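What's counted below: heavy atoms across the whole structure, side chains too, no hydrogens, waters or symmetry copies. Remember, it's a predicted structure, so these values are computed and weren't measured experimentally.
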Amino acid sequence: MSSPLSSSSSSPLSGSSPRILSVSGPKEVLADLTTKLSDRLMLHIFSYLNYGQLLFARLVCLRWCKLGENVDLYKTISMQDFMMYSRILPMQTVRSYIYNLGINQEELNALKVCCREMPVYKGEDGGPYITLATSRKSLSGSSDSKTPTKDAEQARKERARIEKDKKVMDLKKVWVEEILPNWNKEGKKPTHKRLHDVCMQGIPSPLRPKVWPLLIGNDLRITQELFTILLSRANRAKKQSEGQSLGREGSVQLIHLDLPRTFPMLSIFQKGGPYHQFLANVLEAYACYRPDVGYVQGMSYVAAICLLNMNEYEAFVALANLLNNPCYMSFFQMNMTEIAKYMKAMDGVLKESLPKLHKHLTSLSIAPDIYIIDWVLTLFSKALPLDVAARVWDVLFLEGEIFLFQTAVGVLKLYSPTLEASNFDEAMTFLTHLPNDIDENDLFEAISSVSINPRTFQKLLSKPGKQKKSGNIKKKKKKKKKKKKYSALIPL
């Protein structure tokens, strides 16, 4: 089953949508062709269009615009459709949908995080601008009194949003016209540097369902048939006791304990939520695909973000290939020897990049493993807001695990003044609960200013292997001290 969030979305009505109407061609011609059709018949035709096509229909003429905003066309809209299409839905639909959710401000803020690219809409009466941050009370009609300061701040945010929308459209054009058509063409394939430049700017969210699988690849050659077999195997494993299951396949029984804790503010992965079973299927299939790894806490966050951009099969392929990496596998298998190497390397990078902060954290006895392990296990999907984490993934899938550590140093650099002035409790709280209002542009500016040479990083990874030498030196010193002590006893 395809994800409603994938680029090829379903129609507002279930079932296949016949090509009754094509909203392409000169607007005047399209409008003229339907002048003799009744509003009722036009609404019936519109009911077969998906939400993206309805947007184009509303741009043809005033009559189509009015008909395309009919509330009956949006009765079946789901949470996932809303998250994907909030930027193009009629304002009346946005208003009523949020109002009918009956959610509190905290849940509304969580929804806003997922729909951050949603533009600012004007009220039907030309009144104040409304965003998803607007409270439920204001959505019902009442508005707070505005001060000149609030008006100025709102105008600034509006300009920033318009600028961001323009940037996203420009980036989308680059991907659609330049990068994607030449992805597999010899001689025309975009260079790594070109891909790095565009990925660092952020892949437009509507294109992630297509671009992410290309960046991750499918080196494991996982097929739909294999995924189906794994799901059957997972069902059998759930019926058995943990002791009877092969390897760690028994961990599939633990998955359902973790699902309610996966992005709880979204309410789509919890029991009864539309994505609950999709997420369970992906994680259970992986536990059977890699019984030597099984299910590990943190996987649910990674799989959940994959599902927000792909269907369950594509999400499984992405998860399996993504975790098929020596670095990630070391963490998910809890290989403490390998993890110690990465922590040592991270400590070295931090000491070189941010010596003052490194010295302060060392004085507080806060080692990188205290906060980095959780960041790696969830690929920052739990530590950062969803849209910021997705932008980190845009580059991570291209550059590999080294960007994970570059991001970690970038986060520390961004908040170094706060951390350098903190005590142990404050620093621990901050590092394990990063601010949810982190600015993605500020973060990526900090990340860009951090340079980690892959060769240097590999040398840092190999440093723990040299500890034997230093250990021998210490032993020799101890023996020397023993000799002195013995010789001091001779005169007696």
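- In this structure the side chain of Ile373 never reaches within 4.5 angstrom of the side chain of Tyr342, judged on heavy atoms.
- Summarising the geometry of Trp212 relative to Ala390, their closest heavy-atom pair is CZ2-O, 3.6 Å, with the distance given to 0.1 Å.
- Here the side chain of Glu314 pairs a donor or acceptor atom with the backbone of Asn311 at under 3.5 angstrom.
- Side-chain atoms of Met299 and Val293, non-hydrogen and from C-beta on, do get closer than 4.5 Å to each other.
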Practice item. Tell me, with the steps shown, if Leu419 and Leu431 meet side-chain contact (heavy atoms from CB on, under 4.5 Å). Key: CA-CA 9 Å; Leu419 289 167; Leu431 290 169; 4.0 Å; yes
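- A salt bridge links Arg261 with Asp258; the closest basic N to acidic carboxylate O contact falls under 4.0 Å.
- Salt-bridge annotation for Glu284 and Arg233: absent, with no side-chain N of the basic residue lying under 4.0 Å from a carboxylate O of the acidic one.
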Exercise for review: Show your working on side-chain contact (heavy atoms from CB on, under 4.5 Å) between Lys271 and His256 and close with a plain yes or no.
Suggested key: CA-CA 9 Å; Lys271 192 170 184 179; His256 288 271; over 6 Å; no
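- When side chains are defined from C-beta on, Pro385 counts as touching Ile438, because their heavy atoms get closer than 4.5 Å.
- Side-chain contact, Lys356 with Ser416: no donor N or O sits under 3.5 Å from an acceptor N or O.
- Using modelled atom types, one finds a donor on one side chain and an acceptor on the other under 3.5 Å when comparing Glu399 with His196.
- When all heavy atoms of Leu215 and Trp183 are compared, the closest pair comes out as CD2-CH2, 3.7 Å.
- Using modelled atom types, one side-chain atom of Thr228 and one backbone atom of Gln224 make a donor-acceptor pair closer than 3.5 Å.
- Side chain of Asn235 to main chain of Leu231: a donor-acceptor pair is present (N/O by atom type, distance under 3.5 Å, no hydrogens or angles).
- Of all non-hydrogen atoms in Pro260 and Gln270, the two that sit nearest each other are O-NE2, 2.9 Å.
- Judged by distance alone, with hydrogens and angles left aside, the side-chain atoms of Asn182 form a donor-acceptor pair with the main-chain N or O of Glu178 at under 3.5 Å.
- Counting all heavy atoms, side chain and backbone alike, Thr262 lies closest to Ala304 at CG2-CB, 3.9 Å.
- Thr429 contributes no side-chain N or O that, together with a main-chain N or O of Glu426, makes up a donor-acceptor pair within less than 3.5 Å.
- Within the 3.5 Å criterion, the main-chain N or O of Cys327 finds no donor-acceptor partner in the side chain of Glu401.
- Scanning all heavy atoms of the two residues, the minimum distance from Asn321 to Asp219 falls at OD1-N, 3.0 Å.
- Within 6.0 Å of CD on Glu445 lie no more than 12 heavy atoms contributed by other residues, nucleotides or ligands.
- The aromatic ring centroids of Tyr286 and Tyr295 lie 6.0 Å or more from each other.
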Practice item. Verify side-chain contact (heavy atoms from CB on, under 4.5 Å) between Ile222 and Tyr289, making sure each step is shown before the conclusion. Key: CA-CA 10 Å; Ile222 295 170; Tyr289 178 67; 4.2 Å; yes
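- Rounding to the nearest 0.5 Å places CG of Asn218 at 10.5 Å from CG of Asn324.
- Remark: the Asn281 side chain and the Gln277 side chain contain an N/O donor-acceptor pair separated by less than 3.5 Å.
- With His360 contributing its side chain and Pro355 its backbone, the two residues share no donor-acceptor pair below 3.5 Å.
- The backbone N or O of Leu379 sits less than 3.5 Å from a side-chain atom of Trp393, completing a donor-acceptor pair.
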Point to revise | Arg391/Asp387 under salt bridge (charged side-chain N to carboxylate O under 4.0 Å, His left out): CA gap, chis, key distance, verdict | key: CA-CA 6 Å; Arg391 189 170 165 188; Asp387 57 336; over 6 Å; no
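- Atom CD of Glu420 sits in a crowded spot, with more than 12 heavy atoms from other residues, nucleotides or ligands closer than 6.0 Å.
- By the 4.5 Å heavy-atom criterion applied to side chains, Leu404 and Phe380 are counted as neighbours.
- Using a 4.5 Å heavy-atom cutoff, the side chains of Leu323 and Leu319 are in contact.
- Side chains of Val450 and Ile452 form a contact here, defined as non-hydrogen atoms less than 4.5 Å apart.
- Ring centroid separation for the pair Phe331 and Tyr328 does not come in under the 6.0 Å cut-off.
- Summarising the local packing, NE2 of His192 is surrounded by more than 12 heavy atoms from other residues, nucleotides or ligands at distances under 6.0 Å.
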Practice item. Assess whether side chain to side chain donor-acceptor pair (under 3.5 Å) is satisfied between Ser353 and Lys413, documenting all intermediate values. Key: CA-CA 9 Å; Ser353 305; Lys413 183 174 183 178; over 6 Å; no
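- Glu338 has a carboxylate O that lies under 4.0 Å from a charged side-chain N of Lys341, or vice versa, which qualifies the two as a salt bridge.
- Taken to the nearest 0.5 Å, the NZ atom of Lys459 stands 6.0 Å off from the OG1 atom of Thr456.
- Nearest approach of Phe269 to Leu279, heavy atoms of both residues: CD2-CD2, 3.6 Å.
- In this structure, Asp347 does not pair ionically with Lys351, as no charged nitrogen and carboxylate oxygen lie closer than 4.0 Å.
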Exercise for review: In sequence, state the C-alpha distance, the side-chain angles, and the governing distance for Gln297 and Leu377, and then conclude on side-chain contact (heavy atoms from CB on, under 4.5 Å).
Suggested key: CA-CA 8 Å; Gln297 281 189 335; Leu377 286 173; over 6 Å; no
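- Between Phe263 and Tyr301, the ring-plane angle classifies as perpendicular under the 30° and 60° cut-offs.
- Interatomic distance, CD1 of Ile372 versus CE of Met343, reported as 6.0 Å (0.5 Å rounding).
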